[in-house]
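Only heavy atoms go into these numbers, but all of them, side chains included; no hydrogens, no water, no symmetry mates.
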Amino acid sequence: MSKGEPHNNNYKQKMGERRRANASRGDKKVANGEKPHVGQWGRAWEVDYFSLAAVLFLLAFAPLIVYYFVMSCDQYQCALTAPVLDLYWGKAQLSDIWDKTPALTWGAAKIYIVWVSFQVFLYMLVPDILHKFVPGYEGGVQEGARTPAGLINKYQVNGLQAWTITHLLWFANAYHFHWFSPTIIIDNWVPLLWCANLLGYSVATFALLKAYFFPTNAHDCKFTGNFFYDYMMGIEFNPRIGKWFDFKLFFNGRPGIVAWTLINLSYAAKQQELYGQVTNSMILVNVLQAIYVVDFFWNESWYLKTIDICHDHFGWYLGWGDCVWLPYLYTLQGLYLVYNPVELSTATAVGVLLLGLIGYYIFRMTNHQKDLFRRTNGNCKIWGKKPKSIECSYTSADGKRHYSKLMISGFWGVARHLNYTGDLMGSLAYCLACGFDHLLPYFYFTYMTILLVHRCIRDEHRCSSKYGKDWKLYTDAVPYRLLPGLF
């Protein structure tokens, strides 16, 4: 018997006991004496070979993909094929590339520690006041969606306030105090990558251990019996420390998305430093991505009802992804323009801007219609008419039956995920601002297409399991996912 087998057997035995205990909670009877159907809600209980292979691939190669992209810009002017060709023709060895890679520095570590600590401070100790005087903004204490165990968590929504304070301080420093250079982020970009990885892996590992020894709610934990899947996709549904520090809400929005616009500003400052001007393409990327970021925080309370909060458990996928993948790969367009400045013609710039704004309009209005429908329970007007809907029922793990409605009017009658279509239009606009000389800027659009198509399928599989035959009625009424007539 190998050394790893006793531990593996204990792990499987423990997971089996937990699954049986969780399953027993779903065996409660409803009023008519029949066993309720508790469908697949949240992530999977069991792991198929394809899912396991995908998990192992991402755990092994996602960090290398991020490093490769950043290294390509740092050493090869963002030419993605250049490192591979140098290695193939013997012009460089892996050790040469690694030796040129900046190492972790104490200076970068201090910057990162201060950054994350400041965002924790704003999240935990500065309650939202914007909702008290900004019309239409919903901040402060908000309720999330019902969890599989039947709970409704409360959240302290103050992301817009944190973003505003952070950026006011950034501009105050840039134009008045001069505590640090506006290029501080890109000047320490690779050393900060190591810091982000350390935090991402630490958070994911802590979340795994927490699920075993002190889960926030044991009824909302899922153990598959496979260590790698549990580590990546998470066990706890809503891990928390204390009453308000929610891992999902904090890491999904802060520090990554707050940093997104700061990173772009640092890129613009670097372009000004290197070339004496900021190109219109860099301005476009900053403006279009800032619209997306501000929209995210303006609608943070709505975000509590999305798939990340309502279905995904918290593991490496969200923890490491929000710390590393998001800030480093979602900002590739600005990084590319630092090394390859592009000045677009007026007509091209206007076309890119319009594509981005139209995409944003579709994205926002689609989500707004859904939110309005939910808030009014369908007692509203969409495109001048009372919206149509299909009433669905589902059963939570505590045996209680709940009801909800799926709208089939407005944008939601055109396609089931037209908000994703608008998101993809915006993503394409970011990339088009960079021209066509290199492949690197278009990684974002390619990735978002794969991500959102996969999310469509994943979300619909869960909805099908959750709502059963009612979901079939919905898909018959709205047959297309993203593109009417095509897909």
Discussion item. Has Asn158 got a side-chain atom pairing as donor or acceptor with Val126's backbone, closer than 3.5 angstrom?
Written reply: yes
Item to complete: Keeping the roles fixed (side chain from Asn299, backbone from Trp302), state whether a donor-acceptor pair exists under 3.5 Å.
Response: no
Discussion item. Whether Lys248 engages the ring of Phe314 as a cation-pi pair (distance to the six-membered ring centre under 6.0 angstrom, angle to the ring normal within 45°) should be assessed.
Written reply: no
Worksheet item: Any salt bridge between Arg481 and Asp459, counting N to O under 4.0 Å?
Response: no
Practice prompt. Run the ring-centre check on Trp260 versus Phe296 and record whether the distance is less than 6.0 Å.
Written response: no
Discussion item. Within this structure, what is the CG-NZ distance for the pair Leu418 and Lys370, rounded to the nearest 0.5 Å?
Written reply: 12.5 Å
Discussion item. Please verify the inter-ring angle class for His167 with Phe171; under 30° counts as parallel, over 60° as perpendicular, anything in between as tilted.
Written reply: tilted
Discussion item. Are Phe247 and Phe245 an aromatic pair, judged by ring center distance below 6.0 Å?
Written reply: yes
Worksheet item: More than 12 heavy atoms of other residues, nucleotides or ligands under 6.0 Å from CZ of Phe133: is that the case?
Response: yes
Practice prompt. Please determine, by modelled atom types, if Tyr447 and Ser427 share a side-chain donor-acceptor pair under 3.5 angstrom.
Written response: no
Discussion item. A cation-pi test, strictly: NZ or CZ of Arg374 under 6.0 Å from the centre of the six-membered ring of Trp412 and no more than 45 degrees from its axis. Yes or no?
Written reply: no
Discussion item. What verdict does the side chain to side chain contact (heavy atoms under 4.5 Å, CB included) test give for Glu236 and Asp220, after you've listed the backbone C-alpha separation in whole Å, the side-chain angles of each residue and the deciding distance to 0.1 Å?
Written reply: CA-CA 6 Å; Glu236 275 201 86; Asp220 271 328; over 6 Å; no
Discussion item. Aromatic contact between Tyr212 and Phe223, with the criterion being ring centroids under 6.0 Å apart: yes or no?
Written reply: yes
Discussion item. Quick check: Tyr328 with Phe69 (ring centres under 6.0 Å apart)?
Written reply: no
Practice prompt. Report yes or no: does Asp230 contribute a side-chain atom to a donor-acceptor pair with the main-chain N or O of Leu208 at less than 3.5 Å?
Written response: no
Worksheet item: Would a distance-only check, ignoring hydrogens and angles, find a side-chain to backbone donor-acceptor pair under 3.5 Å from Ser464 to Glu460?
Response: no
Practice prompt. Answer yes or no for Arg364 and Phe411: cation-pi contact, defined as NZ/CZ to six-membered ring centre under 6.0 Å and angle to ring axis within 45°.
Written response: no
Practice prompt. Kindly state whether the ring of Tyr474 and the ring of Trp471 have centres lying under 6.0 angstrom apart.
Written response: yes
Worksheet item: For residues Asp295 and Tyr360, is any side-chain donor paired with an opposing acceptor at under 3.5 Å?
Response: yes
Fill in: Exercise: do Gln119 and Thr166 side chains pair donor with acceptor under 3.5 Å
yes
